[in-house]
Each structure stands twice: as C-alpha cells, then as structure tokens.
Asker: 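Dumping the structure here so I can ask a few things about it.
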Amino acid sequence: MAEDTAAKPPAVTPGRVVIGICLVAPFVAMLWVSSYARIEPKFIGIPFFYWYQMLWVVISTALTMIAYKLWQRDQRARKGGASA
C-alpha cells in the first residue's frame with residue numbers, strides 16, 4: 001500500500017498552480033468592477049468600461065488556451081510520455 005502512494009506524483013505542482021491562475025484571473029478581473037467602472041480613457045471613442053471588458057475576452061481566450069496546453073503536458077507527463 002505504501003508503495004502505491006510513493007509512486008504517485010504530487011497533486012499540486014507548479015504547472016497546476018499556473019493553470020489555476022490562468023483560469024481564475026479573468027473572473028477576478030471581471031468581478032472587481034470598481035477597477036474598470038469609469039468612462040476615461042476612451043479608445044477610438046469607446047468608453048473604458050466597454051473596451052476593457054472586450055479586451056478581457058481576448059485575454060481570457062489566450063489564458064484558457066495556455067491552461068489547456070499546460071494541462072495536456074501535465075497529463076502526458078503523468079502517463080509516462082504517451083501521446084495524447
């Protein structure tokens with residue numbers, strides 16, 4: 001029984017922490033409304049409130065893609081390098 005637990009990789013790794021941060025960051029940014037509830041600065045005539053949220057759509061996509069790729073690499077490493 002002790003041999004099985006010693007062979008398992010740890011559940012919390014630096015890679016998984018980065019994955020968690022990538023997935024939580026957009027929620028924190030959007031739920032912290034007081035940080036972007038203003039009109040200035042405007043970007044091509046669009047108030048800050050709107051373009052900030054649209055910028056986070058792009059950022060969230062990139063962060064989710066990074067998290068997915070890191071998760072794939074983590075799973076391949078846990079399976080001993082087999083292709084996923």
Side-chain angles (χ1 to χ4, degrees):
M1 189 63 82
E3 296 171 17
D4 292 334
T5 58
K8 289 183 181 179
V12 178
T13 62
R16 287 187 174 191
V17 171
V18 171
I19 291 168
I21 291 169
C22 286
L23 295 176
V24 169
F27 290 103
V28 171
M30 291 291 92
L31 290 175
W32 186 20
V33 178
S34 64
S35 70
Y36 64 91
R38 58 181 186 259
I39 296 173
E40 297 293 329
K42 291 184 178 182
F43 176 69
I44 59 172
I46 302 170
F48 180 76
F49 181 79
Y50 295 112
W51 69 258
Y52 179 81
Q53 291 180 55
M54 291 300 106
L55 179 64
W56 270 101
V57 170
V58 176
I59 294 169
S60 297
T61 302
L63 290 173
T64 303
M65 187 174 62
I66 290 167
Y68 177 70
K69 293 297 182 182
L70 288 172
W71 182 256
Q72 281 183 325
R73 184 173 16 165
D74 181 70
Q75 293 305 302
R76 278 196 303 270
R78 286 179 180 271
K79 291 180 183 176
S83 297

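Not measured: the values here are computed from a predicted model. By convention here, the first residue in the shown sequence is residue 1.
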Asker: Does one hydrophobic cluster hold both V33 and Y50, with members joined at side-chain heavy-atom distances below 4.5 Å?
Answerer: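 Cluster IDs for V33 and Y50 match.
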Asker: For Y68, enumerate each residue passing the side-chain hydrogen bond (donor to acceptor under 3.5 Å, both in side chains) test, keeping only those at least two apart in sequence or located in another chain.
Answerer: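 For Y68 the side-chain hydrogen bond (donor to acceptor under 3.5 Å, both in side chains) partners, ignoring immediate neighbours, are Q72.
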Asker: In sequence, state the C-alpha distance, the side-chain angles, and the governing distance for V18 and L70, and then conclude on side-chain contact (heavy atoms from CB on, under 4.5 Å).
Answerer: CA-CA 8 Å; V18 171; L70 288 172; 3.6 Å; yes
Asker: Strictly by side chain to side chain donor-acceptor pair (under 3.5 Å), give each pair with a member in residues 51-60 just once, sequence neighbours left out.
Answerer: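 For residues 51-60: Y52-W56.
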Asker: Kindly say whether the aromatic ring centers of F48 and F43 come within a distance under 6.0 Å.
Answerer: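 No, ring centres 6.0 Å or more apart.
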Asker: Tell me, yes or no, whether the heavy-atom count around R73 atom CZ, taken from other residues, nucleotides or ligands under 6.0 Å, exceeds 12.
Answerer: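 Open.
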Asker: In Å and rounded to the nearest 0.5 Å, what is the CG to CD1 distance from L55 to I59?
Answerer: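 If I round to the nearest 0.5 Å, the distance is 3.5 Å.
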Asker: Quick one: are P26 and L63 in side-chain contact, heavy atoms under 4.5 Å?
Answerer: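 Counting from C-beta outward, P26 and L63 do come under 4.5 Å.
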Asker: More than 12 non-hydrogen atoms from neighbouring residues, nucleotides or ligands closer than 6.0 Å to CD1 on I39, yes or no?
Answerer: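 Open: at most 12 neighbouring heavy atoms sit under 6.0 Å from CD1 of I39.
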Asker: Of all heavy-atom pairs between I19 and A67, which one has the smallest distance, and what is that distance?
Answerer: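 Taking every non-hydrogen atom into account, CG1-O, 3.8 Å.
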Asker: Would you say F49 ends up clustered with I46 if hydrophobic residues are merged whenever their side chains have heavy atoms under 4.5 Å apart, either directly or through other cluster members?
Answerer: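 Yes; F49 is reachable from I46 via cluster members.
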Asker: Is there a path from V57 to I44 through hydrophobic residues (I, L, V, M, F, W, Y) whose side chains come within less than 4.5 Å of each other?
Answerer: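 V57 and I44: separate clusters.
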